[in-house]
Asks: 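Below are the structure tokens for one structure; questions will follow.
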Amino acid sequence: MDALLAGYAAGALNPYLHALVESHLILSPENRDAVDALEAAVGDAIETIEPNVQNRAARDHVLAAIYAGGWYGQARPASIDPDLPEPIARLVGAPLDSIRWRFAAPGVREHKLHDEGGLTVSLIRVKAGKRLPHHTHEGHEATLVLKGSFHDHSGRYGRGDVALADPSVDHRPIAGREEPCVCFVVTDAPLKLTGPIGRWIQSAFGG
């Protein structure tokens, strides 16, 4: 998480991870002081850059990413869903109850926001109490819980929490029983099913 916060402070994240971290800070402000300190350090470092044309462009880009807010370029939605922090509401453009969910797996629905160049960004809704298949990750995944909760071997994640996963993580998330779990998920590579059934499916269908 520290690396993600540092990337946010430096303006180095893609727009979707930027929105994820900004939304996390809105919902769970306990990391705000750390980010403020990182932003101040970045600002001090920027002041030392020699003012040639190339460096001036880099400086302007970093400053814009840090201070502009909502730099991912979408207008404020006319109707704000209380479950969606504004940075994510700008990306979605509609309340959760009006978007088109598509079947992803039994008990799992997805609303894909971006899928290009290996980067996939989705809203995922999981039925209360649903156990997802065992899986690991071929790359990195960042998941922000917007509604409900889920847990795995690393602990419980509720609204505002961020779960990070990479190829070293093999887990089976389980949605909380209190309500459906809705998450904002950013991945840079597909997940890989593990466990006997998952391995058989991927082997049989060429995964």
Side-chain angles (χ1 to χ4, degrees), residues 1-78 80-94 111-124 137-146 157-169 182-191:
M1 188 64 187
D2 289 346
L4 200 60
L5 294 174
Y8 173 84
L13 301 180
N14 66 58
Y16 304 101
L17 283 176
H18 184 97
L20 184 148
V21 175
E22 189 171 357
S23 297
H24 162 69
L25 294 173
I26 290 170
L27 297 175
S28 301
E30 64 267 15
N31 281 327
R32 183 70 257 179
D33 288 345
V35 169
D36 288 345
L38 287 167
E39 289 178 343
V42 170
D44 291 343
I46 288 174
E47 291 299 330
T48 68
I49 296 175
E50 292 296 326
N52 61 46
V53 173
Q54 183 176 5
N55 284 339
R56 188 178 298 116
R59 169 188 165 132
D60 290 346
H61 170 75
V62 173
L63 285 174
I66 293 174
Y67 298 117
W71 63 288
Y72 23 88
Q74 301 296 322
R76 179 184 174 91
I80 297 293
D81 187 321
D83 290 322
L84 294 179
E86 185 169 336
I88 292 176
R90 288 179 184 270
L91 292 173
V92 178
H111 178 70
K112 195 165 288 187
L113 300 167
H114 177 87
D115 188 5
E116 186 177 354
L119 182 69
T120 301
V121 183
S122 298
L123 289 172
I124 301 292
H137 303 266
E138 295 184 5
H140 296 84
E141 176 185 82
T143 300
L144 172 67
V145 180
L146 299 174
Y157 300 87
R159 178 169 166 81
D161 293 335
V162 176
L164 302 176
D166 60 27
S168 69
V169 175
V182 179
C183 298
F184 178 74
V185 184
V186 180
T187 62
D188 61 15
L191 61 80

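From a predicted model like this one, the values you see are computed outputs, not experimental measurements.
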Asks: If you measure from CG on L20 to CD1 on I88, what distance do you get to the nearest 0.5 Å?
Replies: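 If we round to the nearest 0.5 Å, L20:CG and I88:CD1 are 6.0 Å apart.
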Asks: Where is the tightest heavy-atom contact between L91 and A19, given as atom of each residue plus distance?
Replies: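 Result for this residue pair: CD1-CB, 3.7 Å.
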Asks: Can you tell me if CD on E116 sees more than 12 non-hydrogen neighbours from other groups inside 6.0 Å?
Replies: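 Atom CD in E116 is not packed in, count stays at 12 or less.
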Asks: Under the side-chain contact (heavy atoms from CB on, under 4.5 Å) rule, what do D83 and V182 come out as? Steps first, then yes or no, please.
Replies: CA-CA 9 Å; D83 290 322; V182 179; over 6 Å; no
Asks: Can you name the closest pair of heavy atoms from L144 and S23 and give their distance?
Replies: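 Taking L144 first and S23 second, the nearest heavy atoms are CD2-CB, 3.6 Å.
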Asks: Where the side chain of R159 meets the backbone of V145, is there a donor-acceptor pair that is under 3.5 Å apart?
Replies: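 No, because the side chain of R159 does not come within donor-acceptor range (under 3.5 Å) of the backbone of V145.
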Asks: Heavy atoms, side chains only, cut-off 4.5 Å: are L25 and Y8 in contact?
Replies: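 Counting from C-beta outward, L25 and Y8 do come under 4.5 Å.
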Asks: Just so I know, are the side chains of L123 and L146 near enough to count as touching, which here means a heavy-atom distance under 4.5 Å?
Replies: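 They are in contact (side-chain heavy atoms under 4.5 Å apart), so the answer is yes.
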Asks: Please identify each residue that fulfils ring-ring contact (aromatic ring centres under 6.0 Å, His included) with H137, with sequence neighbours left out.
Replies: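 H135, H171.
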Asks: Just jot down the ring-ring contact (aromatic ring centres under 6.0 Å, His included) partners of H114, sequence neighbours excluded, or say none.
Replies: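 For H114, the residues satisfying ring-ring contact (aromatic ring centres under 6.0 Å, His included) (neighbours in sequence not counted) are Y16.
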Asks: Give the intermediate values and the outcome of side-chain contact (heavy atoms from CB on, under 4.5 Å) for residues L84 and F184.
Replies: CA-CA 10 Å; L84 294 179; F184 178 74; over 6 Å; no
Asks: Got a second to check how far H24's NE2 is from R32's CZ, nearest 0.5 Å?
Replies: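 These two atoms lie 10.0 Å from each other.
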Asks: Between CG of D166 and CD of E138, what distance do you get to the nearest 0.5 Å?
Replies: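 That separation rounds to 12.5 Å.
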Asks: Shortest non-hydrogen contact from P85 to I26?
Replies: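 Minimum heavy-atom contact is CB-CD1, 4.4 Å.
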Asks: Does any non-hydrogen side-chain atom of L164 lie less than 4.5 Å from one of H140?
Replies: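 The answer is no, as the side chains (C-beta and beyond) never meet within the 4.5 Å cut-off.
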Asks: Specify the closest pair of heavy atoms between A142 and L17, including all atoms of both residues, with the distance to one decimal.
Replies: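 Heavy atoms only, the tightest pair is CB-CD2, 3.9 Å.
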